[in-house]
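Only one structure is covered here, and it is reproduced in the block below.
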Amino acid sequence: MNLKINSFGQYLSNYEESVTNPEEFWNGIAEHFTWKKRWDKTLSWEFKTPSIKWFEGGQLNITENLLDRHLPHRKDQIAFHWEPNDPNDSDSSITYQQLYHEVCKLSNALKSLGIEKGDRVCIYMPMVIESIVSILACARIGAVHSIVFAGFSSNALADRINDAEAKLIITADGLNRGGKQVDLKSMVDEALTSCNSIKHVITLDCIHANPSMTENRDVWYHEIIENQSLDCPAEAMNSEDLLFILYTSGSTGKPKGVVHTCGGYMIYTAYSFQNVFQYHEGDVFWCTADIGWITGHSYIVYGPLLSGATSVIFEGVPTYPDAGRFWQICDKFKVNQFYTAPTAIRALMACGLEPVEQYDLSSLKVIGSVGEPINEEAWNWYHKNIGKKKCPVVDTWWQTETGGIMLSGLGDHSPMNPTHAGYPLPGIQPVLLDSNGNEIVENGVEGYLCIKFPWPSMLRTTYGDHERCKNTYFSNYEGYYFTGDGAKRDETGMYRIIGRVDDVINVSGHRFGTAEIEDAINTNSNAIESAVVGYPHDIKGQGIYAYVVIDSSENSDTIKASLIDSVSDKIGRIAKPDKIQLVSGLPKTRSGKIMRRILRKIAEGEQQNFGDTSTLLDPEIVEQIVSNSIL
Ligand code: WT7
């Protein structure tokens with residue numbers, strides 16, 4: 001089986017093959033990789049418990065596949081061009097050979113600090129090459145990485161460290177983001193006051209912040225890698241051994257640790273990368289995500305490196321020092337495939353064409369979108385002004401849980417339709433279910449998006465709580481993986497994602513549970529009760545609207561500021577509400593359930609049509625909320 005699909009006809013036949021003979025199909029893909037021991041059984045699965053195993057009996061190390069395997073023929077090829085936050089600072093790059101040595105040195109350093117196969121290592125880092133080295137060093141020695149986005153607060157970091165019982169954390173003294181510096185090390189120090197599992201902290205000197213170092217616990221990155229051997233044997237991992245944990249929000253409770261395993265994740269990230277982006281030898285790929293999210297894991301680190309690609313990694317933000325920054329970087333490195341989020345496109349679209357027109361974007365061949373539905377206006381702007389109408393837009397739908405891209409065009413081989421993610425990749429079997437859980441077979445319909453057959457990079461469990469995995473993803477509709485999204489399938493079979501159907505909101509491509517934000521608000525002593533909903537936001541896709549019942553006679557601006565502080569403190573500034581309405585009560589049913597449907601409508605600007613309100617305990621409250629709503 002060829003890894004690379006070269007035409008739409010080939011896509012159709014490969015798709016057919018992947019559904020009729022999935023095991024043979026994936027065997028054919030897996031054979032392109034280096035295994036220490038070949039697998040005995042391609043797939044065993046059931047979606048009830050659930051239990052999903054790919055390539056059982058096989059042994060591998062993913063870093064051997066993305067480093068050692070390439071060295072004979074691409075040791076001097078650049079793996080990453082690193083572009084700093086400030087364009088006046090110097091950039092740097094790292095070749096495959098250098099990356100190999102850096103990874104081996106840090107692997108040996110981790111071992112010297114007592115890290116063994118199966119131990120969890122937390123990574124809380126800026127967008128620098130050492131972050132990638134850290135990820136790969138864990139994978140090399142079989143430690144399980146758990147990356148926490150550096151925009152999360154120390155409380156959120158502590159929750160994740162404790163859930164994973166991480167033994168070590170790799171961080172930096174601080175980071176640069178736009179015009180700001182963030183002091184990461186003191187956030188770590190604060191988090192560690194409530195974590196017992198961490199034995200050591202490795203700190204990268206990034207901004208010369210001169211942080212405080214705790215004796216016997218803290219070591220400098222540059223000191224600990226000094227004098228380490230340039231080689232480190234790659235640990236033999238079973239296909240189903242854990243590769244990483246990544247925390248993500250759901251409709252209830254604290255974020256859960258999505259678990260991905262070595263074999264299947266390797267196969268699928270490489271396969272999807274090469275096909276969706278139609279990456280060719282010598283191309284320069286750039287994914288603008290942060291490594292703290294799944295997009296960074298799969299399409300900055302694993303997919304591109306497994307494919308022997310050259311990529312760009314960027315420390316900064318799209319609008320610093322000005323709104324031309326992305327396009328300047330595309331021009332500078334002659335980027336061929338560019339992958340970003342609709343929220344960035346909308347923000348840059350609002351800045352007009354002048355910043356775009358200053359740069360030569362003729363190297364671009366494929367431009368991608370990920371993280372949230374892309375509205376038609378943004379799609380058209382992107383296609384016309386960035387892709388110059390010659391680059392296909394790949395609108396890639398997937399999730400932290402799916403590990404890799406599920407629905408998307410394949411470069412210029414697939415038909416495109418603005419706002420439609422498109423067709424499933426080979427091996428992916430999506431279905432739409434009606435509210436009774438029955439599959440809808442015809443086209444031109446809407447339903448709950450589920451997947452009915454396993455694919456290699458799907459989540460295996462939620463860390464430390466398998467029951468939660470079952471309840472969240474496999475219990476709503478028996479026999480199916482439930483995505484949490486609603487979707488429409490058009491007459492040609494293309495999928496269009498409508499959005500989440502659960503209490504998850506997507507703010508600038510960042511995923512939050514409304515309950516999680518409410519919990520953060522409720523820690524504030526002024527708050528008695530709160531309800532958080534999403535509302536349409538021009539740039540962010542969804543904004544956060546919080547209704548808060550308060551117990552205080554203080555000035556309302558002071559209270560609002562302190563509520564925002566509570567959210568920043570518990571989760572991070574990225575989750576702070578855009579609008580806060582202080583209310584005297586929430587609309588509830590007689591049985592005490594908050595009628596969120598009504599609150600959502602009010603946040604959208606609706607004044608009166610709230611549907612069936614017969615179960616409402618106190619209709620008066622609704623009128624009050626409407627008359628004070630923030631538009
Ligand atoms: C949710 C997953 C995996 C990428 C980063 C987000 C939404 C993702 C699209 C798209 C419409 C999309 C869905 C999904 N989403 N991509 N192309 N079109 N919606 O990962 O944080 O796990 O969020 O993002 O609602 O369920 P995530």
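First listed ligand is number 1; within each ligand, the first listed atom is number 1.
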I want to know whether His297 and His260 have ring centres closer than 6.0 Å.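 When the ring centroids of His297 and His260 are compared, they turn out to be at least 6.0 Å apart.
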Between Tyr495 and Tyr423, does the ring centre distance come in under 6.0 Å?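 No, the ring of Tyr495 stays outside the 6.0 Å limit from the ring of Tyr423, centre to centre.
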Contact residues of ligand 1 with a heavy-atom cut-off of under 4.0 Å? Ile294, Thr295, Val370, Gly371, Glu372, Pro373, Asp395, Thr396, Trp397, Trp398, Gln399, Thr400, Asp485, Ile497, Arg500, Asn506, Arg511
Please check: side-chain N/O of His280 versus main-chain N/O of Asp283, any donor-acceptor pairing under 3.5 Å?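 Not at all, since once roles are kept as given, no pair shorter than 3.5 Å links the two residues.
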Using a strict 4.0 Å threshold on nitrogen-to-oxygen distance, state whether Lys48 and Glu478 make a salt bridge. yes
Basic-acidic side-chain contact under 4.0 Å: Asp465, Lys470: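 No, no charged N to carboxylate O under 4.0 Å.
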Lys601 atom NZ, neighbour heavy-atom count above 12 within 6.0 Å: yes
